[in-house]
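Single-structure report; data block below.
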Amino acid sequence: MLRTERSEPAGPQTAVSISPERLREAVIAIGSSSEGRCGPYPLVSNVRLPRLAAVCEEVVAVLDDVYADRFDLRPIGEPAETILAFASERDFKLFASVTSRWRVEANGRASAANGYVALAWDENEADRGAATLVHELVHLLNRRALGSALPAWLDEGLADDLADRTVGGKLAPAAWRLSMDRAAEELLPLVEFLVLESDDFYAGRGYSNYAQALLLVRFLADHPQLGGSFRGYLRSLADGAPRGSGGLTDALGISADALEREWRAWVAVRHSGFRRLTSGVAKRGSRAF
């Protein structure tokens, strides 16, 4: 989850470092902490467990390159933000509560404009922690590649797509949620979904919006005909193009009605593979979708 805490100019932005004041707040909240590195990022943490170190070395270290390969768009400059990893979920939530209104992504948040990612790391749920860390870091990459004030569906969809592709665990729960919404006829038409304001995206339908965002980005990025145009749309955003839904359909070279039909057909084909899943199965992170 990303929240921009001050207005910024349009276009990609170079990374900013965490302020000394915010860093002091984080160190106090974390408690007995150590400083190190997580890939290219400074790391302040009281987590002394091998899985976090492995994720930093194997995933975070190459995330800029993975992002560029996936979306054909390279973030500008170099990372400079700080990762704050809390061994205590309570301490993380106390720290996050003073800077975030949203609670959908309860164990992590990114503040790209203020130079940090914060998350709670539970070694018993290390896979979830790894996915959260990558998700939050992609928000930083989005700022460096596309700029701030992205549509919420795109910002969150890109973050979940890359988190799932690198460490897994995001796609199956999203597909299960989408299948339930479709069965209940609660799947939002794209003409409504693409124009959701941040307040409505984060507080309106909760996880359903995250699920639809991930699956929509996956549909667009992997589509044999639309995938290249979707990446062209991302490049146009980086160049300052308008960020409304009309810009997406124009870039894709397809009408809103035709895009809706393509999307619904894609969802319907894959829906049957998830209609029998229970929530417990979905939470195990099947990669079958």
Side-chain angles (χ1 to χ4, degrees), residues 1-6 13-64 75 77-144 148 155-156 159-160 162-163 166-167 169-170 202 210:
M1 176 186 302
L2 172 72
R3 184 181 173 194
T4 300
E5 298 181 13
R6 60 173 180 262
Q13 303 295 308
T14 56
V16 299
S17 300
I18 191 171
S19 70
E21 295 78 14
R22 185 55 53 86
L23 182 58
R24 280 195 295 271
E25 293 174 359
V27 168
I28 292 170
I30 290 174
S32 177
S33 62
S34 62
E35 297 184 12
R37 304 292 296 182
C38 182
Y41 297 90
L43 171 68
V44 177
S45 173
N46 60 351
V47 176
R48 297 176 179 87
L49 297 166
R51 182 62 192 279
L52 177 57
V55 171
C56 290
E57 180 179 350
E58 297 169 10
V59 179
V60 177
V62 297
L63 198 57
D64 273 35
E78 299 295 332
E81 303 91 346
T82 296
I83 296 172
L84 310 170
F86 293 73
S88 164
E89 183 177 358
R90 179 184 63 83
D91 290 342
F92 160 74
K93 288 185 175 180
L94 181 62
F95 175 77
S97 67
V98 302
T99 56
S100 177
R101 291 178 292 166
W102 315 118
R103 289 295 176 268
V104 175
E105 188 74 2
N107 289 316
R109 75 173 306 261
S111 183
N114 291 275
Y116 68 90
V117 155
L119 75 155
W121 184 278
D122 181 349
E123 189 72 357
N124 294 321
E125 297 186 5
D127 290 344
R128 180 187 180 195
T132 297
L133 175 58
V134 174
H135 173 103
E136 301 303 342
L137 289 174
V138 173
H139 286 310
L140 308 186
L141 300 188
N142 285 344
R143 181 180 181 274
R144 289 171 50 217
S148 59
D155 202 13
E156 301 296 347
D160 266 352
L162 210 63
T166 54
V167 298
K170 291 286 190 178
Y202 292 116
Y210 275 79

Residues two or more places apart in sequence or in another chain: which of them pass side-chain hydrogen bond (donor to acceptor under 3.5 Å, both in side chains) with [X]?
X      : value
Glu125 : Arg128
Asp64  : Arg144
Asp127 : Arg51
Glu123 : Trp121

Could you go through the side-chain contact (heavy atoms from CB on, under 4.5 Å) check for Val62 and Thr166 one step at a time? CA-CA 10 Å; Val62 297; Thr166 54; over 6 Å; no
Close side-chain approach of Tyr202 to Glu156, heavy-atom, < 4.5 Å: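 Counting from C-beta outward, Tyr202 and Glu156 do come under 4.5 Å.
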Residue pairs passing the disulfide (SG to SG under 2.5 Å) test where at least one lies in residues 28-59, sequence neighbours excluded: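 Listed by first then second residue: Cys38-Cys56.
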Please name the pair of heavy atoms, one in [X] and one in [Y], separated by the smallest distance, quoted to 0.1 Å.
X      : Y      : value
Arg143 : Thr14  : NH1-O, 2.7 Å
Phe95  : Ala29  : CB-CB, 4.1 Å
Tyr116 : Arg109 : OH-NH1, 2.9 Å
Ala131 : Ala163 : O-CB, 3.6 Å
Leu119 : Gly129 : CD1-O, 3.8 Å
Ala130 : Val55  : CB-CG2, 3.8 Å

Measure from the side-chain N and O atoms of Glu136 to the backbone N and O of Ala110, and report whether any donor-acceptor pair falls under 3.5 Å.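 Side chain of Glu136 to backbone of Ala110, a donor-acceptor pair under 3.5 Å: yes, one is there.
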Rounded to the nearest 0.5 Å, what's the gap from [atom1] on [X] to [atom2] on [Y]? Could you check?
X      : Y      : atom1 : atom2 : value
Ile30  : Glu25  : CD1   : CD    : 12.0 Å
Tyr41  : Leu137 : OH    : CG    : 5.0 Å
Leu63  : Leu141 : CG    : CG    : 5.0 Å
Leu162 : His139 : CG    : NE2   : 11.5 Å
Asn46  : Ser34  : CG    : OG    : 8.0 Å
Thr132 : Asp122 : OG1   : CG    : 11.0 Å

In chain order, what residues pass the side chain to side chain contact (heavy atoms under 4.5 Å, CB included) check against Ala80, with sequence neighbours excluded?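 With sequence neighbours excluded, Ala80 shows a side chain to side chain contact (heavy atoms under 4.5 Å, CB included) to Ala15, Ser17, given in chain and number order.
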Does Glu78, at its CD atom, have more than 12 non-hydrogen atoms belonging to other residues, nucleotides or ligands within less than 6.0 Å?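 Not buried by this count: 12 neighbours or fewer within 6.0 Å.
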Kindly determine whether Ile18 and Glu81 satisfy side-chain contact (heavy atoms from CB on, under 4.5 Å), including the steps that lead there. CA-CA 6 Å; Ile18 191 171; Glu81 303 91 346; over 6 Å; no
